[in-house]
Amino acid sequence: MKQIIADRLEALREAMRRERIDAFIFPSSDAHNSEYTPEHWHGREWISGFDGSAGTAVVTIDKAALWTDSRYFLAAADALEGTEFQLMKERVHGTPTISKWLGQSLAHVNGAVVGVDGYCCTHSDAEALISELRHEGGISLRTNFDILNSVWHDRPQLPNDKIFVLRQEFAGCSCSEKLAQIRCKLKEKHAHGMLISELDEIAWTLNLRGNDVHCTPVFLAYLLLDGDRTTLFVDKSKLTDDVTDYLKHEGVSIDSYENIANALAKYRSYNILLDPETTSHTIYNKVKCQEILNGESPVLWLKSQKNATEIACIRRAMIKDGIALVRLMMWIESETSRGERLTEMDVDAKLTELKRQQPLFYSLSFDTIAAYGSHGAIVHYEPTTETDAEIKPDNLLLLDCGTQYFDGTTDITRTISIGKPSDEQRRVCTLVMKAHVRLSRAHWVEGTCGTQLDILAHGCLWDEGYNYGHGTGHGVGFFLCCHEGPQGIRMNHKPAQMVPGVVMSVEPGIYLEGNFGCRTENLVLVVPAGKGVQGEDFYKFETLTLCPYDRRTLDLSMLSSEEIEWIDRYHSQVYAALSPHLNADEQQWLRNACAKL
């Protein structure tokens with residue numbers, strides 16, 4: 001692989017010289033600002049070898065560097081070892097920004113030019129980059145050239161899988177009703193139309209799903225609202241007769257995916273709402289109308305607040321996930337106690353098999369993280385044939401998994417003791433549990449955002465000198481993206497308020513490099529908590545995930561009576577929800593797992 005990366009860099013630099021480009025930036029995104037992208041846009045992975053979901057590669061004529069966040073520090077270091085690429089740890093003191101690094105690296109070049117594919121860079125990011133590079137010695141940014149087309153000779157084509165309709169018994173609200181809600185929000189903003197380019201927003205609005213992105217049921221398209229007209233720009237070969245008839249019935253016109261630029265140039269209304277944080281720089285600049293209103297897409301908030309039907313469906317999905325996980329935990333316990341050889345990939349395969357047995361299974365919502373021992377300290381580790389570790393009775397197994405059911409998206413993490421945990425492991429796992437419980441029990445006043453709640457989890461660990469660098473919680477879509485905004489629980493500021501109907505994760509962790517890792521994650525629903533003494537509205541979390549914690553990893557002397565009571569109450573709910581769906585042996589195992597602490 002090292003030689004392959006070297007050959008690709010050489011070919012890239014030849015193309016850069018031909019185009020008189022001194023550096024090229026490869027973001028992780030696609031033309032729709034997606035977190036997870038079709039293979040056609042895996043350029044950052046292709047040029048660097050690093051396959052994490054977040055990161056930016058930058059290549060000059062004589063240097064190469066890759067920026068990523070703390071979730072991927074260990075994985076990226078392994079992937080880049082032996083290549084030219086230098087790992088740049090984002091938000092770590094001393095790490096230069098991309099612009100600063102380019103300014104230093106190109107200081108000797110007169111009239112330096114940096115390239116980036118304007119389709120894969122949001123308008124706000126491109127404008128910021130233009131300003132920053134100008135400040136770094138007058139460097140210019142070129143956005144009209146996708147250099148990968150000239151060097152990636154076997155580049156995958158854009159996907160063309162079929163699109164399908166999500167039945168209203170799952171969606172709870174029709175496409176026409178959603179379009180009416182969106183237009184109502186646009187009217188409040190005095191906007192005559194808008195472009196929706198984020199794939200999950202399009203899928204949610206139209207009650208359509210697809211298979212263009214791994215583990216995420218979306219499809220490549222743009223959706224343009226121009227006055228009272230709604231047009232879907234999509235590869236027409238992806239549409240079945242049923243979907244075509246459905247869109248016609250919902251009043252949605254169809255045009256070709258590649259025609260979006262021409263349509264924006266002919267946009268007929270006076271103004272248009274565009275979100276510069278999500279709309280690609282190239283697409284943004286195709287718009288020709290009297291006024292562009294920069295603002296957040298109203299779909300973002302409408303989609304994040306789940307309706308009653310969606311919430312009821314999600315509850316059913318959680319039961320199915322819980323059943324599969326109970327059976328997996330029993331299987332792991334049985335296999336290891338009998339001395340059978342078991343590896344991380346065996347666990348991954350078995351869990352997928354158990355989930356496939358559940359009704360309305362569609363796919364995983366992300367590739368399963370089955371991380372044993374020191375692999376658990378690699379936050380987004382995924383087992384491969386080269387790294388597949390045998391699971392022995394002397395360490396912890398960190399299991400992070402999720403499912404796409406037609407009736408909901410799930411995401412859960414449990415840390416399981418294989419054998420008897422050490423005192424250090426029990427201490428670390430108990431601290432993580434304290435952080436998990438403290439945030440899960442939170443009550444807050446209307447107007448509070450996730451950043452303000454984050455201290456409830458991080459604070460438990462900071463008191464003992466521990467920390468974790470990833471977010472504490474992310475929004476979760478409905479049979480859509482496992483990670484969705486606008487809400488988030490994290491240290492860096494996310495101003496979106498935590499409001500009823502939002503589904504979030506709660507997932508603190510501790511990772512000890514070369515030793516083990518622990519993370520505990522549930523999905524929670526924001527619900528009303530009544531009025532405060534002074535009349536304000538208060539909210540709280542209702543836990544949705546249904547799966548026991550591994551009591552063997554807990555040191556009860558470190559837990560308060562309130563924390564123990566919360567865990568006991570949660571386990572009682574888990575048993576009540578799952579036991580009717582299990583056989584006698586499974587019920588007995590779950591009864592023991594959920595016994596009072």
Side-chain angles (χ1 to χ4, degrees), residues 36 214-217 314 316-338 340-373 375-376 378-385 387-393 395-419 476 479 482 505 507 509 516-523 544-550 552-553 574 577-578 581-583 585-586 589-590 593-594:
Y36 299 103
H214 180 57
C215 292
T216 307
I314 292 168
R316 295 199 298 269
M318 294 299 171
I319 291 175
K320 292 183 286 191
D321 243 30
I323 293 168
L325 282 160
V326 164
R327 289 171 177 164
L328 178 80
M329 291 175 177
M330 287 184 65
W331 176 78
I332 292 173
E333 193 174 287
S334 173
E335 294 293 292
T336 54
S337 65
R338 293 190 293 111
E340 295 292 330
R341 188 178 188 278
L342 193 64
T343 71
E344 294 165 331
M345 293 184 72
D346 292 333
V347 170
D348 183 355
K350 182 65 175 180
L351 179 57
T352 302
E353 173 193 332
L354 291 168
K355 289 188 173 190
R356 287 185 184 279
Q357 295 171 3
Q358 297 302 314
L360 299 176
F361 173 90
Y362 181 76
S363 73
L364 302 182
S365 57
F366 55 90
D367 290 323
T368 298
I369 299 171
Y372 172 73
H375 287 164
I378 304 172
V379 179
H380 273 207
Y381 169 83
E382 293 172 19
T384 66
T385 53
T387 67
D388 192 20
E390 183 177 354
I391 297 172
K392 300 177 181 179
N395 215 318
L396 302 178
L397 173 66
L398 190 156
L399 184 65
D400 189 348
C401 61
T403 316
Q404 296 284 7
Y405 300 104
F406 284 93
D407 52 356
T409 300
T410 69
D411 184 2
I412 176 175
T413 307
R414 289 293 183 266
T415 302
I416 304 167
S417 178
I418 310 298
V476 178
F479 188 34
C482 191
S505 69
E507 50 178 310
F516 65 90
C518 174
R519 182 165 64 253
T520 300
E521 176 187 18
N522 283 343
L523 297 190
L544 296 172
T545 301
L546 296 166
C547 180
Y549 307 114
D550 189 342
R552 296 168 298 180
T553 64
V574 169
L578 299 185
H581 307 277
L582 304 174
N583 64 34
D585 289 341
E586 293 164 347
W589 184 93
L590 184 61
C594 293

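Quick caveat, the model's predicted, so the values are computed rather than measured. For reference, positions follow the sequence shown, starting with 1.
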Inset, instruction - Verify whether one side chain among Thr553 and Asp550 offers a donor that lies under 3.5 Å from an acceptor in the other. - result: no

Legend entry - Non-hydrogen side-chain atoms of Thr216 and Cys482 separated by less than 4.5 Å: no

Legend entry - Nearest non-hydrogen partners of Gly408 and Ala317, listed with the distance: CA-CB, 4.2 Å

Legend entry - Residue pair Cys401 / Arg414, side-chain heavy-atom distance below 4.5 Å: no

Legend entry - Inter-residue atom distance Gln358.CD - Arg316.CZ, 0.5 Å rounding: 13.5 Å

Inset, instruction - Give, for atom SG of Cys547 and atom CD1 of Ile323, the distance between the pair rounded to the nearest 0.5 Å. - result: 11.5 Å

Legend entry - Separation between CG of Asp388 and OG1 of Thr343, rounded to the nearest 0.5 Å: 3.5 Å

Legend entry - Min side-chain heavy-atom separation Trp589-Ser334 under 4.5 Å: no

Legend entry - N/O donor-acceptor pair under 3.5 Å between Ser417 side chain and Arg552 backbone: no

Legend entry - Donor on one side chain, acceptor on other, Asp367 and His214, under 3.5 Å: yes

Inset, instruction - For Ala324 and Lys355, work out which heavy atoms get closest and say how close. - result: CB-CG, 4.0 Å

Legend entry - Nearest heavy atoms of Leu398 and Gly376, plus distance in Å: CD1-O, 3.7 Å

Legend entry - Pairwise side-chain contact, Asp407 with Lys320, heavy-atom cut-off 4.5 Å (strictly under): yes

Legend entry - From Asp348 atom CG to Ile369 atom CD1, the distance as rounded to the nearest 0.5 Å: 10.5 Å

Legend entry - Minimum-distance pair of heavy atoms, taken over all atoms of Ile314 and Leu544: CG2-CD1, 4.0 Å

Legend entry - Ser365 and Gln404: side chain donor to acceptor below 3.5 Å: no

Legend entry - CA sep, side-chain torsions, deciding dist, call: Asp411, Ser505, side-chain hydrogen bond (donor to acceptor under 3.5 Å, both in side chains): CA-CA 8 Å; Asp411 184 2; Ser505 69; 5.4 Å; no

Inset, instruction - Go through the steps for Ile319 and Leu546 under the test side chain to side chain contact (heavy atoms under 4.5 Å, CB included), then give the verdict. - result: CA-CA 6 Å; Ile319 291 175; Leu546 296 166; 3.7 Å; yes

Inset, instruction - Give the ring-plane orientation class for Tyr381 versus His375, where under 30° counts as parallel, over 60° as perpendicular and anything between as tilted. - result: parallel

Legend entry - Thr368 side chain reached by Glu382 side chain, heavy atoms, under 4.5 Å: no

Inset, instruction - Mind checking the CG-NZ spacing from Leu397 to Lys392? Nearest 0.5 Å is all I need. - result: 14.5 Å

Inset, instruction - Evaluate side chain to side chain contact (heavy atoms under 4.5 Å, CB included) for Thr336 paired with Leu342, printing each intermediate quantity in order. - result: CA-CA 7 Å; Thr336 54; Leu342 193 64; 4.0 Å; yes

Inset, instruction - Compare all side-chain heavy atoms of Leu399 with those of Leu325 and state whether any distance is below 4.5 angstrom. - result: yes

Inset, instruction - Taking atom types as modelled, find out whether Thr410 and Asp321 have a side-chain donor-acceptor pair closer than 3.5 angstrom. - result: yes

Legend entry - side chain to side chain contact (heavy atoms under 4.5 Å, CB included) between Asn522 and Tyr549, intermediate numbers included: CA-CA 10 Å; Asn522 283 343; Tyr549 307 114; 2.8 Å; yes

Legend entry - Member of Glu586, Gln357, Glu353 meeting the side chain to side chain donor-acceptor pair (under 3.5 Å) criterion with Arg327: Glu586

Inset, instruction - Check whether the ring centres of Phe479 and Tyr405 lie less than 6.0 Å apart, and answer yes or no. - result: no

Legend entry - Beyond-backbone contact of Ile416 with Leu396, side-chain heavy atoms, under 4.5 angstrom: no

Inset, instruction - Would you please test Leu328 and Val347 for side chain to side chain contact (heavy atoms under 4.5 Å, CB included) and show each step? - result: CA-CA 8 Å; Leu328 178 80; Val347 170; 4.2 Å; yes

Inset, instruction - Quick one: pull up CG in Leu590 and CE in Met329 and give me the separation to the nearest 0.5 Å. - result: 10.0 Å

Legend entry - Flag side-chain contact, heavy atom, 4.5 Å: Thr520 against Glu507: no

